[in-house]
Amino acid sequence: TVPRITKTPVGSNFDETDSEAGADPFDLSIGEEVTFRFEITLPELDLESVVATDTLPDGLEFISAQFIEANGTGANAANFSAVSDNGDPEVVTISFGAMNNPSDGTIGPDDVLVFELTARVTEDAGLNAGDSLVNMVNLFVDPVGDDPFATQMTSATVRVVEPEMTIDKSGPVAMDP
């Protein structure tokens, strides 16, 4: 079985943009934090390494990442790391280390590794309302004693929106003397 990866925006810290899991497009405003959920379906093998490389587009900056669920994959939260590249802070390397995903004869929910990454929409990227930010991720899986699988890729897109402000002004009418 070839490994697979999916990436989906699942939440944000602003209620005003109505961004919820399943929203399409997933709207974000400047300063808003978005949480992406990654699900990696692994082959039932001993794995030397599992590494996802997330490339954030201009306009998104890495905040944090967290291990969510190992299911039956043999992944250990203590081996989880997420580090942005000092030379290119938009590139985040997420590593799970070695693991043994035991065989039960079928690929199912017990073969899915889940983690989340949070990023913030920055104001210094010259973003405009309607801009789409495409976030790419590559998955590298290296089984023990065999050649690595071909790199798997996927992406997630979010859209930048600007707040709409309206001002209602009222008061007494001034008389002209």
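Both backbone and side-chain heavy atoms feed into the values below; hydrogens, waters and symmetry mates do not. Please read these numbers as outputs of a predicted model, since none were measured by experiment.
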List the residues meeting side-chain hydrogen bond (donor to acceptor under 3.5 Å, both in side chains) with E69, not counting sequence neighbours, and say none if there are none. none

Using the test side-chain hydrogen bond (donor to acceptor under 3.5 Å, both in side chains), find all partners of Q152 that sit at least two apart in sequence or belong to another chain. none

Check whether any side-chain heavy atom of D54 lies under 4.5 Å from a side-chain heavy atom of F62, and answer yes or no. no

Contact summary for P57 and E90, nearest pair of heavy atoms: O-OE2, 3.8 Å

By ring pair (Phe, Tyr, Trp, His ring centres under 6.0 Å), which residues pair with F38, not counting sequence neighbours? F115

Heavy-atom nearest pair, D27 first then R159, reads OD1-NE, 2.7 Å

Could you measure the distance from the CG atom of N101 to the CG atom of D110? Nearest 0.5 Å is fine. 7.0 Å

Under 3.5 Å donor-acceptor pairs involving side-chain atoms of residues 71-80, not counting sequence neighbours:
residue	atom	partner	partner atom	Å
N71	ND2	V112	O	2.5
T73	OG1	A70	O	2.7
T73	OG1	A75	N	3.3
N76	OD1	A78	N	2.8

Check whether D131 reaches the backbone of V160 with its side chain - one donor and one acceptor, N or O, closer than 3.5 Å. no

Check the pair T6 / T154 against side chain to side chain contact (heavy atoms under 4.5 Å, CB included), numbers first and verdict last. CA-CA 6 Å; T6 61; T154 193; 5.6 Å; no

In Å, rounded to the nearest 0.5 Å, how long is the span from OG1 of T55 to CG of D88? 7.5 Å

Residues at least two apart in sequence or cross-chain that pass ring pair (Phe, Tyr, Trp, His ring centres under 6.0 Å) with F36, listed by chain then number, are none

Are the side chain of T8 and the backbone N or O of V10 linked by a donor-acceptor pair below 3.5 Å? no

Partners of F140 by ring pair (Phe, Tyr, Trp, His ring centres under 6.0 Å), sequence neighbours excluded? none

If I compare all heavy atoms of M136 with all of S155, which pair ends up nearest, and what's the gap? SD-CB, 3.4 Å

